[in-house]
Amino acid sequence: MVFTGIVEHMGTISAIVEVDNTWGGGSGLSMTFVDSKPILDDVKIGDSIMVSGICLTVTEFDDTREWFKVGFAPETSRRTNCGDWKVGDKVNLERAMNASTRYGGHVVQGHVDTTVTIVSVKPDPPNSLIFTFKVAPIASVDGGEQDPMLYIIAKGYVCLNGASLTVINVDRNERTFSIMLIAHSQSHLNLPLLPIGGRVNLEVDEIGKYIESVVRGFVEQKPEDGDGIFGNLIKQMVSKAVDEKLKTLGVLPPK
């Protein structure tokens, strides 16, 4: 599923069941969200809704479309801040985008990379707030994960609790970054409701992760592997560019 990071509505947690044995609970952790009618007009069982940055599957909803239920996998509980949620908490909601959706944010998957901690909230007169977050190092179990700080850059995107926001400052020594909330966002997101020290779901820009993966694959290529896919690709690009230049100079005849 793909989201934009433009939060449509804030819902409210009405129930948390640790082991839900109903048909919509899946015999695991489930949560029900009320005050959700604005995003449920076209909902179907199996649809994806991003709840505070987490892509979740709708397993049940009522006939009046006032509430919906989702289940949580153990990996989701380990990776995200959903274990901190309580009945009555507000959550940011966004439906998966469709072909006619305006792309107001950035590419968001709803796949949380890690949680970050709010270390400060400061006024930025006349009407904005500057939030600063701390990123803890990730201890990978398989050696495959990279530090999220690699993908956080000033004026780049991050997704925090499901909201697409622009980074205004990065301090790599302190492992912190800051974003700004305008007045509109302050009243339409749940970030201002969280305390100092509260955990927030972070998804870094996916494009940066793909670029890093491609470059890493080329740089870490071993000599015994030969040119490899990336080496051959670069050779073809250089060869084509040289041929075009030689044709322009008249050294090679045009085809």
Please tabulate, for side-chain N and O atoms in residues 153-160, each donor-acceptor pair with protein atoms closer than 3.5 Å (sequence neighbours left out).
none

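- In this structure, the salt bridge (Lys or Arg N to Asp or Glu O under 4.0 Å) partners of K86, at least two apart in sequence or on a different chain, are D89.
- Using a 4.5 Å cut-off on side-chain heavy atoms (C-beta onward), V204 and L202 make contact.
- Judged by distance alone, the side chain of S164 and the main-chain N or O of G5 form no donor-acceptor pair under 3.5 Å.
- The shortest non-hydrogen separation linking E206 to E203 is OE1-OE2, 4.2 Å.
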Enumerate donor-acceptor pairs with a distance under 3.5 Å from any side-chain N or O in residues 6-17 to protein atoms, sequence neighbours excluded.
residue	atom	partner	partner atom	Å
E8	OE1	R95	NE	3.2
E8	OE1	R95	NH2	2.7
E8	OE2	R95	N	2.7
E8	OE2	R95	NE	3.3
H9	NE2	D35	O	2.5
T12	OG1	D35	OD2	2.7
T12	OG1	K90	NZ	2.8
S14	OG	T32	O	3.3

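- Considering only heavy atoms from C-beta on, F177 stays 4.5 Å or farther from N169 through its side chain.
- The two atoms that bring L56 and G71 nearest to each other are CD2-O, 3.8 Å, heavy atoms only.
- Residues M149 and V170 come closest through the heavy atom pair CE-CG1, 3.8 Å.
- Residues V51 and F33 have side chains in contact (heavy-atom distance under 4.5 Å, counting atoms from C-beta outward).
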Next item on the list: Please report the C-alpha distance between C55 and F3 in whole Å, then the side-chain angles of each, then the deciding distance to 0.1 Å, and finally whether the side chain to side chain contact (heavy atoms under 4.5 Å, CB included) criterion is met.
Entry: CA-CA 9 Å; C55 179; F3 304 88; 3.8 Å; yes
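- Under the 4.5 Å side-chain heavy-atom criterion for ILVMFWY residues, no single connected hydrophobic cluster contains both I130 and V119.
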Item checked: Derivation and outcome, side-chain hydrogen bond (donor to acceptor under 3.5 Å, both in side chains), residues N92 and N161 -> CA-CA 7 Å; N92 298 327; N161 270 8; 5.9 Å; no
Next item on the list: Apply side chain to side chain contact (heavy atoms under 4.5 Å, CB included) to the pair L93 and S36, showing each step before the final yes or no.
Entry: CA-CA 8 Å; L93 302 174; S36 303; 3.8 Å; yes
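- At a threshold of 4.5 Å between side-chain heavy atoms, the hydrophobic network of Ile, Leu, Val, Met, Phe, Trp and Tyr places V70 and L40 in one connected group.
- Atom CD1 of I207 has 12 or fewer heavy atoms from other residues, nucleotides or ligands within 6.0 Å.
- Two different hydrophobic clusters hold M50 and V91 under the rule that ILVMFWY side chains link at heavy-atom gaps under 4.5 Å.
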Item checked: Check against side chain to side chain contact (heavy atoms under 4.5 Å, CB included), I45 and T59 -> CA-CA 5 Å; I45 298 297; T59 59; 5.7 Å; no
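- Residues that satisfy the ring-ring contact (aromatic ring centres under 6.0 Å, His included) test with F72, not counting sequence neighbours, are absent from this structure.
- Once rounded to the nearest 0.5 Å, the distance linking CZ of R199 with SG of C82 reads 8.5 Å.
- Considering every non-hydrogen atom in both V112 and R79, the closest pair reads O-CG, 3.1 Å.
- One distance of note links CZ of F61 with CH2 of W67; it measures 9.0 Å at 0.5 Å rounding.
- Among the candidates T57, D20, D62, the single residue satisfying the side chain to side chain donor-acceptor pair (under 3.5 Å) test with K69 is D20.
- Annotation: the span from I168 atom CD1 to I179 atom CD1 amounts to 7.5 Å, rounded to 0.5 Å.
- Across all their heavy atoms, S52 and N201 have their closest contact at O-ND2, 2.9 Å.
- Here salt bridge (charged side-chain N to carboxylate O under 4.0 Å, His left out) pairs that include residues 167-180, with residues two or more places apart or in two chains, are D147-R175.
- K37 is linked by a salt bridge (Lys or Arg N to Asp or Glu O under 4.0 Å) to E66, counting only residues two or more places apart in sequence or in another chain.
- Follow the hydrophobic side-chain contacts under 4.5 Å out from I54 and you never reach V108; the two are in separate clusters.
- Side-chain atoms of I49 and F68, non-hydrogen and from C-beta on, do get closer than 4.5 Å to each other.
- Between L181 atom CG and T166 atom OG1 the span is 10.5 Å, to the nearest 0.5 Å.
- With rounding to the nearest 0.5 Å, the separation of CG in D113 from OG1 in T80 is 12.0 Å.
- Between W85 and M31, the closest side-chain pair of non-hydrogen atoms falls below 4.5 Å.
- The distance from the OG atom of S185 to the CG atom of L191 is 9.0 Å, given to the nearest 0.5 Å.
- Cluster membership check: I196 shares its hydrophobic cluster with F131, using side-chain heavy-atom separations under 4.5 Å among Ile, Leu, Val, Met, Phe, Trp and Tyr.
- Taking 4.5 Å as the limit, some side-chain heavy atom of L194 sits within range of a side-chain heavy atom of V200.
- Of all heavy-atom pairs spanning Y210 and Q109, the tightest one is OH-NE2, 4.3 Å.
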